[in-house]
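Everything below concerns the one structure shown next.
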Protein chains: 2
Amino acid sequence: MRVFIAGVDGYLGWSLAQHLLARGHVVAGADAFLRRRWVHEMGSWSATPVHPMPERLEALEEHFGRTVQFWEGDLTHYELVARIFDEFRPEAIVHLGECPSAPYSMIDAEHCAFVQRNNLVSTTNFVFAMEEFVPDAHLVKLGTMGEYGTPNVAIPEGFFEIEYRGRTDRMPFPRQAGSWYHWSKVHGSNNVMFACRLWGLRATDIMQGVVFGTRIDDMAEDDRLLTRLDFDQAFGTAINRFCCQALIGHPLTPFGLGHQKRGFLPLRDSMQCLTLILENPPDPGDYRVFNQFQEVFDITELAMKVQAAAGEMGLDVEVRNIENPRLELEDHFYAPDHQQLFDLGYSPSDVEEELGMMLMHLQRYTDRIQAKREVLIPDVRWDGRREKTRFLDSLVTSQPAPSSRFARATPETEDVDSEEPALG
Amino acid sequence: MRVFIAGVDGYLGWSLAQHLLARGHVVAGADAFLRRRWVHEMGSWSATPVHPMPERLEALEEHFGRTVQFWEGDLTHYELVARIFDEFRPEAIVHLGECPSAPYSMIDAEHCAFVQRNNLVSTTNFVFAMEEFVPDAHLVKLGTMGEYGTPNVAIPEGFFEIEYRGRTDRMPFPRQAGSWYHWSKVHGSNNVMFACRLWGLRATDIMQGVVFGTRIDDMAEDDRLLTRLDFDQAFGTAINRFCCQALIGHPLTPFGLGHQKRGFLPLRDSMQCLTLILENPPDPGDYRVFNQFQEVFDITELAMKVQAAAGEMGLDVEVRNIENPRLELEDHFYAPDHQQLFDLGYSPSDVEEELGMMLMHLQRYTDRIQAKREVLIPDVRWDGRREKTRFLDSLVTSQPAPSSRFARATPETEDVDSEEPALG
């Protein structure tokens with residue numbers, strides 16, 4: 001299959017390129033290297049070293065016998081997207097070229113506008129170029145489980161049948177995202193749904209859970225093949241950050257009460273699911289939504305799993321909750337469906353085993369994490385302030401949230417340790 | 001009250017400025033004059049002459065004893081929005097600065113991206129500047145009834161209580177818009193809803209029906225005070241276009257089967273409703289949605305009302321359906337609520353009377369309509385083609401739509417008059 005990967009230089013994109021090459025697919029990709037810049041802007045870098053693209057492409061050639069046809073450029077420019085689609089004629093397009101960070105989008109008006117613009121326009125460019133050059137191609141759009149928010153009812157996969165005032169209809173399930181970034185994904189989902197209805201395009205919109213892990217089996221032992229692994233507040237996801245914290249003896253830091261529930265999946269599972277989706281495309285005109293995650297976990301439960309895995313390596317780390325910089329429910333109902341990928345044959349990995357492998361693998365990059373350890377405590381707050389969050393010394397889980405606007409646990413002043421975290 | 005009007009040079013904006021000045025409010029406004037450029041790009045102009053802004057502002061001073069503080073500039077630039085909010089300190093912001101055209105957004109990838117970018121970023125800039133400078137101000141955001149689409153169930157005002165798999169929640173009513181423009185409004189609504197939850201801002205999101213009419217009582221007989229009245233395919237709305245067609249003896253042209261149902265309201269009612277909303281702001285943190293229209297009409301029914309009103313002036317015009325350039329249901333269930341504005345005291349005008357006044361008033365500009373008569377037949381099609389739509393000589397209402405993708409009546413070839421419309 002001819003697959004075009006937007007954002008091929010990124011965490012998922014670079015992994016997917018190798019996963020698909022290993023399966024004999026013809027892969028092309030584009031990237032403007034914005035992720036490298038954003039992480040730099042956040043004062044950080046990838047825990048794993050990320051090589052320049054020419055070296056990465058050379059490594060693919062050496063290990064897989066062929067490489068990825070690569071375009072450097074900004075996919076919000078329609079001419080570039082049109083040129084790529086016209087030349088490469090993809091049968092599938094995997095859109096991993098969006099800015100994936102909630103905190104980055106919450107910094108200020110400019111960052112909010114940038115993230116929404118970047119994510120929306122790249123997506124509309126793709127559907128227009130599909131209609132113009134490859135109307136039978138399959139668009140695989142990466143959304144996020146965060147599009148749904150945390151409603152008080154079960155979460156179906158995209159659509160639900162409702163009865164309302166005596167009449168019935170099948171409708172999109174209402175989205176209630178929690179950051180400008182998450183809303184950009186909702187806007188993009190809506191745009192793709194419309195394009196399918198409008199032009200009979202086919203698309204799979206993936207509401208993906210939080211991905212963690214550093215490796216997939218197809219990656220040879222070659223630094224140039226490593227995918228990036230971020231641990232800063234903006235581009236590092238929960239488990240990845242916990243693992244990096246554990247490796248340098250930093251406390252693991254759930255936000256607030258720490259009982260947020262989210263769907264999670266290992267990087268190798270994400271690759272497996274993406275491949276299943278590519279190999280089982282929807283019918284023309286079909287816009288389908290898959291909830292893509294292995295299991296729902298409570299954040300504190302996960303922190304304790306990382307703590308246990310680190311313990312087995314002789315690393316003694318504590319779990320210490322910090323102020324929640326976000327506006328989110330910290331203890332809530334959560335029951336999302338995720339049946340369709342299992343129906344296609346998704347076979348999940350073992351989470352504990354994955355955590356162990358990840359810690360072992362990342363251990364060789366401890367110095368790189370240590371060098372940027374200050375990025376492990378967030379300072380981008382949803383209320384607009386930019387101020388490092390503080391440790392919560394005692395968790396008062398029975399205490400009601402003090403403000404109806406911010407449903408987070410704000411401790412009494414005497415419960416707060418205002419020092420920078422001790423690094424053990 | 002200190003009211004800032006974004007898009008004060010436009011159809012609604014210029015009318016609202018006068019309506020509010022007449023009621024003693026302090027009014028400021030901004031505009032980049034993009035509407036003038038867009039209409040020019042569509043090969044058209046306003047039926048009513050539109051004077052340069054300095055002359056318009058001078059006329060306000062002469063007739064109302066004071067004018068509007070005006071900034072020329074692009075509201076997608078945050079610095080401009082911040083400067084205005086900091087200097088003017090509005091108590092209310094009415095966002096009429098979006099690109100309001102479905103066909104314009106459907107032209108190509110660039111127009112789609114432009115409309116979504118322009119509409120989204122101006123809105124996020126407003127909420128960020130509110131949070132920074134005037135957190136107690138009231139944002140009045142113009143949305144459209146088109147955000148809802150035409151679901152098979154009743155349409156509430158923004159939110160509904162649902163029961164789903166044995167649990168209940170109050171959720172946003174799912175939106176199913178029908179153009180890139182309409183989706184830009186949905187995206188904007190979602191962004192504003194989030195800003196209210198995030199920062200406790202207050203906003204009224206108006207799902208407005210289709211507005212028609214040329215005058216409000218506050219406009220003195222002075223050409224410089226006239227508001228614009230567009231009749232091209234992109235910026236002219238249904239009734240306004242029917243009236244312009246009637247005045248030059250052009251057939252009135254419902255799209256397709258012509259049984260689309262929409263909510264409509266006269267310009268003077270729109271001004272009345274906006275004023276009611278401004279004078280009855282929501283509580284801090286409250287995001288409320290009002291469906292703003294007087295009555296639901298079938299498009300053909302409206303065309304016949306215009307035909308009758310024209311007949312009373314001695315103008316003999318026919319109603320002739322044309323191919324539908326859009327993708328939309330042409331005969332459907334439609335039951336939207338619109339109670340809240342009536343509860344606030346909205347007193348609707350008489351539609352027939354309004355149509356009569358409008359035709360009388362527009363009669364003096366018949367030459368301007370005649371000069372651009374070629375813009376009365378659309379050529380921007382939702383399937384991506386740019387080709388003038390043709391008259392449907394006989395409407396075969398019992399015939400099923402030939403394509404599942406485009407639910408419109410495509411006639412047999414022999415039923416089609418491929419000539420440009422006769423202008424009577």
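Per chain, numbering begins at 1; letters A, B, ... match sequence-line order.
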Checklist entry - What pairs of residues pass the salt bridge (charged side-chain N to carboxylate O under 4.0 Å, His left out) test when at least one of them lies in residues 152-174 of chain A, not counting sequence neighbours? => result A:Arg165-B:Asp337
Item to check | For chain A, the option from B:Pro156, B:Ala177, B:Ala129 that forms the most heavy-atom pairs under 4.5 Å | outcome: B:Pro156
Next on the checklist: For a quick check under 3.5 Å, do B:Gln176 and A:Asn190 share a side-chain donor-acceptor pair by atom type?
Outcome noted: no
Side chain / backbone / both / neither for [X] at chain A, heavy atoms under 4.5 Å:
X	value
B:Thr168	backbone
B:Val127	side chain
B:Ala82	neither

Nearest 0.5 angstrom please: [X] [atom1] to [Y] [atom2], how far?
X	Y	atom1	atom2	answer
A:Phe128	B:His111	CZ	NE2	10.5 Å
A:Glu79	B:Glu110	CD	CD	5.5 Å
A:Leu327	B:Trp199	CG	CH2	11.0 Å

Checklist entry - With under 30° as parallel and over 60° as perpendicular, where do the rings of A:Tyr164 and B:Phe160 fit, or are they tilted in between? => result perpendicular
Checklist entry - For the candidates A:Tyr78, A:Phe173, A:Phe333, which exhibits the highest count of non-hydrogen atom pairs separated by less than 4.5 Å from chain B? => result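 Max contact count across the listed options: A:Phe333.
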Next on the checklist: Within the 4.5 Å heavy-atom criterion, are A:Thr124 and B:Gln116 side-chain neighbours or not?
Outcome noted: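 In short, these two side chains touch, coming nearer than 4.5 Å.
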Next on the checklist: Could you tell me if the side chain of B:Val186 sits less than 4.5 Å from the side chain of A:His187, heavy atoms only?
Outcome noted: no
Next on the checklist: On a heavy-atom basis, which atom in B:Pro151 and which in A:Met171 lie closest, and how many Å separate them?
Outcome noted: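 Reported closest heavy-atom pair: CB-CE, 3.6 Å.
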Checklist entry - Is the backbone N or O of A:Trp183 less than 3.5 Å from a side-chain atom of B:Asn191, with the two atoms forming a donor-acceptor pair by type? => result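 A pair under 3.5 Å: no.
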